[in-house]
Amino acid sequence: MNPVTPAVADTAPHGDAVAVAAERRWAIVVGIITVCLVAMMVLTGLHWAAMPPSRVETINVKTVHIEGEFVESNLGTAVGADGKVTVRLIAQQYSFQPPCIVVPAETPVTFRGTSTDAIHGFVVGTTNANTMLIPGFVATFTTTFHKPGEHLMPCHEYCGTGHEAMWARVQVLPPAEFRAKARVGERLNCVPR
Ligand code: CUA
């Protein structure tokens, strides 16, 4: 008889069994990962859908310019008595007010902004400072700039024919230099270059 036949007959089922076991292990691993990801999506989706989004702030777009925190004299960078740094800005077709923003490095900075006309938005350079600005709502977030330097801050929501020319600058100063310029109660900005 053929001496190979028994050997093949012996190993073939064994090889199949190894392959099937390996495939099954991988299928289980992939299945667990998939179930985890779907569970995360479902749970976070239900979690956020079951409650109103937090900290939604509205503002009267008709009076934004003449009363409240977004009047022109209050725009720019403010340092509170507690040392907290807040930047207030307004977006309108097709500029930001103030057009040049000064912030300290290595310090939490809270941005508060709104729009007076269309939907705008901004991103500060390649940092994670990024938001939409929607008429009637106050957008707010807190971020920390780790390195001094200057960033472009373009509008990133298409807002009309001047959209591509709508941008501001953000100067990130070393903390000591910023503190030397900042006065509690005053609003700080810079001259755009
Ligand atoms: Cu403002 Cu695009």
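In this chain, numbering begins with 1 at the start of the sequence shown. For ligands, and for the atoms within them, numbers begin at 1 and follow the listed sequence.
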S.K.: Check whether any side-chain heavy atom of F145 sits under 4.5 Å from a side-chain heavy atom of V124, and report yes or no.
M.R.: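 When only atoms from C-beta onward are counted, V124 and F145 do touch, with a gap below 4.5 Å.
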
S.K.: Give me the atom names and distance for the closest heavy-atom approach of V109 to V87.
M.R.: CG1-CG2, 3.7 Å

S.K.: Closer than 2.8 Å to atom 2 (Cu) of ligand 1, what protein N/O/S atoms do you find?
M.R.: C155 SG, E157 O, C159 SG, H163 ND1

S.K.: Could I get the full list of side-chain hydrogen bond (donor to acceptor under 3.5 Å, both in side chains) partners for H65, not counting sequence neighbours?
M.R.: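 Partners of H65 under the side-chain hydrogen bond (donor to acceptor under 3.5 Å, both in side chains) test: none.
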
S.K.: Do you know the tightest heavy-atom contact between R187 and S73?
M.R.: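 Closest pair (atom of R187, atom of S73, distance): CG-O, 3.3 Å.
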
S.K.: If every non-hydrogen atom of L133 is compared with every non-hydrogen atom of T114, which pair is closest and at what distance?
M.R.: CD2-N, 3.8 Å

S.K.: Fit a plane to each ring of F122 and F141, take the angle between them on a 0 to 90° scale, and name the class: parallel (under 30°), tilted (30 to 60°) or perpendicular (over 60°).
M.R.: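 The rings of F122 and F141 sit tilted, inter-plane angle from 30° to 60°.
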
